[in-house]
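Structure, as C-alpha cells:
Counting starts at 1 for both ligands and their atoms, following the listed order.
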Amino acid sequence: MPGLRVSARFRSEPIAMIVHPPSVADALPGDPVVRPGVRAVEGAWASAPTTPVAEPRTLAVSASLARELGLDPEAIAAAPDVFAGNRLAPGMRPVATNYGGHQFGHWAGQLGDGRAILLGEVEAPDGRRHELQLKGAGPTPFSRHADGRAVLRSSLREFVVSEAMHALGVPTTRALTLVATGETVVRDLLYSGDPRPEPGAVVCRGAPSFMRFGHFELPAARGDQDLLRRFVDHAVHAHFPQFAGPDAAADLFAEVARRTGVMAAHWMRVGFVHGVMNTDNMSLLGLTIDYGPFGWIEAFDPHWTPNTTDAQHRRYRFGAQPQVAHWNLSALASALAPLIGEDTSPLQAGMAAYVEAFQQAQARMGADKLGLEAWHEGDLGLLQDLYRWMQAASIDMTLFFRRLAALDPAQASPADVEGLGYDPVRFTREAPAFAAWLERYADRLAFDPQPPAARRARMDDANPLYVPRNWLLQQAIDAAEQGDLAELQALMAVLKRPYEEQPGASRFAALRPAWALDRPGCSALSCSS
Ligand code: AMP
Ligand code: MG
C-alpha cells in the first residue's frame with residue numbers, strides 16, 4: 001500500500017500541541033557559549049540539549065493537567081520519547097535557566113537548572129501559556145558534580161504530590177508525565193557511603209513560569225543591574241502586565257509577597273512540610289515548587305522536618321515555614337533594591353503585605369478548619385491551644401480534623417478521638433486537657449450561627465482526608481520499582497478528591513504504620529534524588 005508509506009513518512013506530529021520556544025530565551029540574553037559542559041554561565045539561560053535515554057516508557061499521565069492544556073492524555077501517554085527528552089516536538093527549544101540562591105541561610109552563588117530542562121511553552125485553549133520542563137533529562141551547564149538525572153522514587157514523589165497539591169487547592173507547579181528511562185542512576189540514598197543503582201525516570205512539569213527568587217538574586221549578586229532590570233521587565237510583561245510602569249519592581253515584589261503568604265498559609269492548613277525552602281526553591285508566582293524531601297505532618301509537631309540534611313538545625317521545620325518565607329522574601333527584596341532607589345519603603349511595604357496576606361489567609365483557613373463562619377479575636381488562641389494539645393498528645397493532624405467535624409462538641413469526650421493518637425500514654429495523660437478544650441470549642445460554637453451540617457461541610461472542605469503521606473508514596477514506589485503500577489494508580493485516583501470520603505479507600509486515610517517509622521523514604525529523606 002504505497003499510500004501508507006507516504007503517510008508514515010510525512011505523518012504529522014502525533015501530539016497535537018502548539019509549542020512556543022521558551023519566552024525567557026527570547027526576552028533575555030543567554031550564554032554566548034553554546035557547547036555543553038559545566039561552567040559559570042553568563043546571562044539568563046544556556047542551551048541545554050536533552051540526553052536521550054535507553055528505553056522510555058510512560059508510567060503515568062495527569063489527565064487533569066493534559067485536559068487543562070487542551071492535550072489528549074492518550075496521545076501524551078503514547079509519546080514517551082518526547083517526555084523523556086529523546087525527541088523534540090515541533091516548537092521546542094531546550095534551555096536551562098540561570099539562578100542562584102540562599103541555601104540554608106547562606107548565599108550559594110550560581111545554581112541553575114542542573115537537572116531541569118525547559119522545552120517550551122504550550123498554549124492552552126484559553127490562550128494562557130504553560131512552560132513544560134523535563135526533570136532528569138540529562139546534564140546541563142549547571143549540573144556541577146552531578147548527572148542531571150533523577151531516580152524513579154523521587155520522580156514518582158514529585159509527580160504524585162504535584163497533582164495532589166493541586167487537588168488540595170494549594171498553589172503548585174504541576175506534573176504532566178512520569179516516564180521510566182530504562183536506565184539506572186547511582187545514588188547514595190541517605191549519604192551514608194552506600195551508593196547503589198536505582199531505576200531512573202523523568203518527570204515533565206508544567207507551570208505558567210518556573211521563575212524563582214534566585215533568578216533575581218544571581219544578577220543582583222553579580223552586580224548586573226541591566227540583566228536584573230530585564231528579568232523584572234520580563235516577569236512583569238509575561239505574568240503581571242498590570243504592573244508595567246515606573247513602580248514595576250515594587251509592585252511585583254508586593255504581589256510575590258502576597259502570593260507567598262497565601263501559599264504558606266495553605267501549607268500550614270494541610271500539614272505540608274516543604275523540607276528545602278532555599279530561595280532557589282521559591283517560586284515568583286507563589287507556587288509550591290521543587291518537591292524533594294517533603295513530608296506531611298502525622299503526629300502533630302511544629303518542630304518536625306522530613307529532611308535528614310536539616311535534622312540538626314531544623315531550619316525548615318513545619319512551624320517555621322511562615323517565618324522562613326518571610327526571610328526568603330527579604331532576600332528577594334535585597335536583590336531588587338538596586339531597582340528601587342534610595343527610599344526602600346516600597347520594599348518594606350511589600351514585606352508588610354506578606355504578613356498581612358499570611359494572617360488573612362491563616363484567619364480564613366483557621367475559621368474553616370474549626371468550622372466557624374467568622375473569625376473572631378480569640379479564635380487564633382483556640383486553634384493554637386488545640387495544636388499544643390495535639391502535639392502533647394501525639395495526634396494525627398489529618399485524621400483529627402475530620403473526626404472533629406463529625407463530633408457534636410457539646411456531647412463529645414476525649415474517647416471519641418482516642419484512636420487518632422500515636423502514643424497511648426501521652427493520650428491518657430492529655431485527655432483532661434482535650435476535655436477542657438472541647439468545652440471552650442462548644443462555648444464558641446454557641447455563638448456561631450451555622451447549623452451543625454453547615455459547620456461540618458465547611459470543615460470537610462478545608463480539612464483533607466487523604467494526603468500523600470510518605471509511607472503511602474513509598475508503597476507506590478516499592479511496587480513501581482517491581483513493575484507494578486496498580487498502587488500508584490490507586491493512590492493517584494484517591495488523591496484526586498482529597499476532601500471526599502471514598503469507598504474502599506480507608507487504607508489511604510490511616511495512621512502511620514509502625515514499619516514506616518524508621519524506613520528511609522518514609523520518615524527520613526535526603527536531597528539525594
Ligand atoms: P535542589 O536541592 O533540588 O533544589 O537543587 C539545588 C541545585 O542542585 C540546583 O541547581 C539543581 O539543579 C542541582 N541539582 C540537584 N540534583 C542534581 C542532579 N542530579 N544533577 C544535576 N544537578 C542537580
Ligand atoms: Mg531546587
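- Salt bridge present: Asp478 and Arg519 bring a charged side-chain N and a carboxylate O closer than 4.0 Å.
- Here's the thing with Gly148: one of its N/O atoms is less than 3.5 angstrom from an N/O atom of ligand 1.
- For residue Asn278, no N/O/S atom approaches the Mg ion (ligand 2) to within less than 2.8 Å.
- An N or O contact shorter than 3.5 Å is missing between Gln103 and ligand 1 by distance.
- A salt bridge is defined here as a Lys NZ or Arg NE, NH1 or NH2 lying under 4.0 Å from an Asp or Glu carboxylate O, and Asp126 with Arg128 meets this definition.
- Residue contact check: Leu111 has heavy atoms under 4.0 Å from atoms 10 (O) of ligand 1.
- Heavy-atom distances between His145 and ligand 1 stay at or above 4.0 Å for every pair.
- With Trp327 as the aromatic partner, Arg315 meets the cation-pi criteria of under 6.0 angstrom to the ring centre and within 45 degrees of the ring axis.
- A perpendicular orientation is assigned to the rings of Phe294 and Tyr291, their planes being inclined by more than 60° (bins at 30° and 60°).
- A salt bridge does not link Arg187 with Asp194: none of the charged nitrogens is closer than 4.0 Å to a carboxylate oxygen.
- Between Asp113 and ligand 1, not a single N/O pair is under 3.5 Å apart.
- Close approach to Arg149 involves these atoms of ligand 1, each under 4.0 Å from a residue heavy atom: 19 (N).
- Ring orientation note: the planes of Trp296 and Phe272 are nearly perpendicular, at an angle over 60° on the 30°/60° scale.
- Residue contacts with ligand 1 for Asn278 are absent, since no atom lies close enough (heavy atoms, distance under 4.0 Å).
- Short contacts between ligand 1 and Asn281, defined as distances under 4.0 Å to a heavy atom of the residue, involve ligand atoms 4 (O).
- The only member of Thr177, Leu156, Leu152 that meets side-chain contact (heavy atoms from CB on, under 4.5 Å) when paired with Leu59 is Leu152.
- Using a 4.0 Å cut-off between heavy atoms, Val276 makes no contact with ligand 1 at all.
- Summarising the contacts of atom 7 (C) of ligand 1 with Arg144, Arg212, Arg115, Arg187, the nearest heavy atom is found in Arg144.
- When the heavy-atom distances from atom 10 (O) of ligand 1 to Ala96, Gly114, Gly275, Gly112 are ranked, the shortest goes to Gly112.
- Under 2.8 Å from the Mg ion (ligand 2) lies an N/O/S atom of Asp290, whether from backbone or side chain.
- Under the 6.0 Å distance and 45° angle rule, Arg212 counts as a cation-pi partner of Tyr99.
- Residues Arg512 and Asp396 are not paired through a salt bridge, judged by the lack of any N-O separation under 4.0 Å between the basic side chain and the carboxylate.
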